[in-house]
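To start, the structure under review is shown below, and the notes come after it.
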2 protein chains.
Amino acid sequence: MTSTSRPRVTIADVAREAQTSTASVSYALNGRPGVSLDTRARVLAVAARLGWSPASAARSLAGAGSGTIGLVLARDPRDLAVEPFYMQFIAGVEATLAPRSMGLLLEVAPTAVAEVEAIRRWHMSRRVDGVLLTDVIADDPRVELVKEIGAPAVVVGDPSEAAGLTSLWTDDAAATQQAVEHLVSLGHRRITRFAAPGRYAYTVIRDAAFESASQAVGIEHDIVRTDLSLDSGADAARTVLSVSRPPSGLLFDNDVMAVAALTAAHDLGLSVPGDVSIVAWDDSLLCQLVTPSLTALGHDVLALGAHAARRLLDVIDGVEPAAFQDATPTLRVRASTGPAPVET
Amino acid sequence: MTSTSRPRVTIADVAREAQTSTASVSYALNGRPGVSLDTRARVLAVAARLGWSPASAARSLAGAGSGTIGLVLARDPRDLAVEPFYMQFIAGVEATLAPRSMGLLLEVAPTAVAEVEAIRRWHMSRRVDGVLLTDVIADDPRVELVKEIGAPAVVVGDPSEAAGLTSLWTDDAAATQQAVEHLVSLGHRRITRFAAPGRYAYTVIRDAAFESASQAVGIEHDIVRTDLSLDSGADAARTVLSVSRPPSGLLFDNDVMAVAALTAAHDLGLSVPGDVSIVAWDDSLLCQLVTPSLTALGHDVLALGAHAARRLLDVIDGVEPAAFQDATPTLRVRASTGPAPVET
DNA sequence: TTGTAAGCGTTATCAG
DNA sequence: CTGATAACGCTTACAA
């Protein structure tokens, strides 16, 4: 049997053992000046020998931060499994946090209200030094909250929704244009975009870019609204492809809907990319593994997470708010896009 | 502009405002006896009006726990995106934690050493009240660590690897048997299992179950070792299917390899399930969306996470260690399994 | 360079 | 039932 609860070792124990004061121990451990080289070495040795780590509660109570940042996942738990985004994002955040031995506190909030409450509670109880905000919508209550309570925060999304908070954005307009131009270069003259709900800031941006890119080259274009779900994508694709002169190029706002469209096209007796070409957002393993593999717009989410965390640490350190741009998503061309079919 | 840093409201403020002592405020807030109904109401009202939340650092320093449990993800960040398991598991854990307003601290550790260090640091600094251990291997250093330092922990995995700690296991043997019997009932007489590395405890269990189930019905069977990666699965499948009399039933230890095998079979001119039937572990969206959809063994990971967290809270509360069984994975029959081809 | 001591905001003890 | 008051373990002036 193991000892049930061995005596806790505190800074006082270390000080006594190293024959110095608690102040010196504190200074030594935090690598601050004001301690002789000799004392510092002695303290560090003793601390290591005793296996002492400062109690985080005591430390943050005494004024240091909590050494933790918060991330609320505002999704239905069932959807989280479907989207690899968050897991990659989290891994990226950790890549920034771990070396500075900061922690990541997570919460899965089923509703917007729960989300706001989680952030408020975290901040009021000083459990976190700052928060990361993803999936920001227009007039997002979370943005208003963090501004109101003055919590350090970084908005992962367009600056237009950040209300002056530090934001980290990707150029979805440029990416959308890339996708349209790819289809046009293959000869497609009629394309349809299957868009996310209009409340997401990026939807508006992608919609506009899609319109202008299409108009610039003078092709027929249309936008269909979806809710990003598998069924929604399948239904919309079926409807769009069932008309007399269906579009030959389809652009989806996520990978799941694009895969659903693949099946829908197959069911309608259409070949991909023979009859219809498909492009997806959110490149993922799914895009690579389905047959035919999907041409997709994607970016390095791991890097995005790392970048976001870095910016948040800056904000916590008092750096002035600003808008930062992350890498633009790139188009990975695969088997689902090909030359447009000849008009009958 | 918002106020930069409004004055912090403490328990003393609430006590003064409610014309009582801090002790009563503390009792009232925590719903403990020893406060008159009148005082309790007054305190709660003032607390709400002032928007006061107790500082978590002060609370845990004063003896309460940290109100946090820890989870270390011991995977290469790149792999995390591929596996929906963790995200679902986390969502489940949260489902248990959130109602008790407990937090989840996360760390993505690239190496086993980093993982052990994270747990040790968390425990020594009392940042977490307990930890959840997943992906346990034989003689897992994490298991030894938590036993040594006496940290409350729950092993998500077979009791044989838990060294007496509380564990939560699923009956992989029974599930494996189900899969084998499914194939046998379809007439398959030669089946191959594509297994995870032998260091995982579940590999040994599944191997044994596969052997005995196959022997029980007297069919040819073989086990091929893989590393669970896409490439590993593709290579192994290609090799196995290229021999003169290939097996007609394939059983994979995860979904990704099964999908890879689908492609491999296609490349070899074999039809699924016409020539070869495929069964996967770890049912996922991927299994449902590929063509043909994959018959798979799967379980409710969300529920598993919730269950694991519940057990950990029990351990933290001092409940004696024990082994608990979670629901047995079930076989979801889809399009990738069918009658065995007639022997030539 | 060192040591002393005053907070930090709760909880818990123990007299009133 | 109520209200002082002593921990809890650390950081940080401030003195020596």
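Note on naming: letters A, B, ... go to the chains in the order of the sequence lines (proteins, then strands), and numbering restarts at 1 for each one.
Counting only Watson-Crick and G-U wobble pairs whose two distances sit under 3.5 Å, DNA chain C takes part in these stems of three or more pairs: C:1-16 with D:1-16.
Think of the region where chain B sits on DNA chain D: with heavy atoms and a 4.0 Å cut, that region ends 5' and 3' at D:dC1 to D:dG9.
Shown here are the salt bridge (charged side-chain N to carboxylate O under 4.0 Å, His left out) partners of B:Arg75, two or more places apart in sequence or in another chain: B:Glu83, B:Asp135. Residues that satisfy the side chain to side chain donor-acceptor pair (under 3.5 Å) test with A:Ser26, not counting sequence neighbours, are absent from this structure. Every residue meeting the salt bridge (charged side-chain N to carboxylate O under 4.0 Å, His left out) condition with A:Asp38, not counting sequence neighbours, appears here in chain and number order: A:Arg42. With sequence neighbours left out, A:Glu115 forms a side chain to side chain donor-acceptor pair (under 3.5 Å) with A:Arg142. With sequence neighbours left out, B:Tyr27 forms a ring-ring contact (aromatic ring centres under 6.0 Å, His included) with no residue at all. By the side chain to side chain donor-acceptor pair (under 3.5 Å) test, B:His123 pairs with no residue at all, sequence neighbours left out. Shown here are the salt bridge (charged side-chain N to carboxylate O under 4.0 Å, His left out) partners of A:Arg120, two or more places apart in sequence or in another chain: A:Glu117.
Paired with A:Leu71 under the rule side chain to side chain contact (heavy atoms under 4.5 Å, CB included), one option of A:Ile90, A:Val131, A:Leu105 passes, and it is A:Ile90.
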Checklist outcome for this item: 5' to 3', nucleotides 10-16 of chain C under a 4.0 Å protein heavy-atom cut-off (B base, S sugar-phosphate only, - none) gives BBBB---
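Using a 4.0 Å heavy-atom criterion, one finds that A:Arg40 contacts no nucleic acid atom at all.
In this structure, CG of B:Asp13 is placed 11 Å from P of C:dC8, rounded to the nearest angstrom.
The stretch residues 313-327 of chain A participates, sequence neighbours left out, in these side chain to side chain donor-acceptor pair (under 3.5 Å) pairs: A:His307-A:Asp326. Listed by first and then second residue, the salt bridge (Lys or Arg N to Asp or Glu O under 4.0 Å) pairs that reach into residues 16-30 of chain B are B:Asp13-B:Arg16, B:Glu17-B:Arg49, sequence neighbours excluded.
Between A:Ser60 and C:dC8 there is no side-chain polar atom (N or O) within less than 4.0 angstrom of OP1 or OP2.
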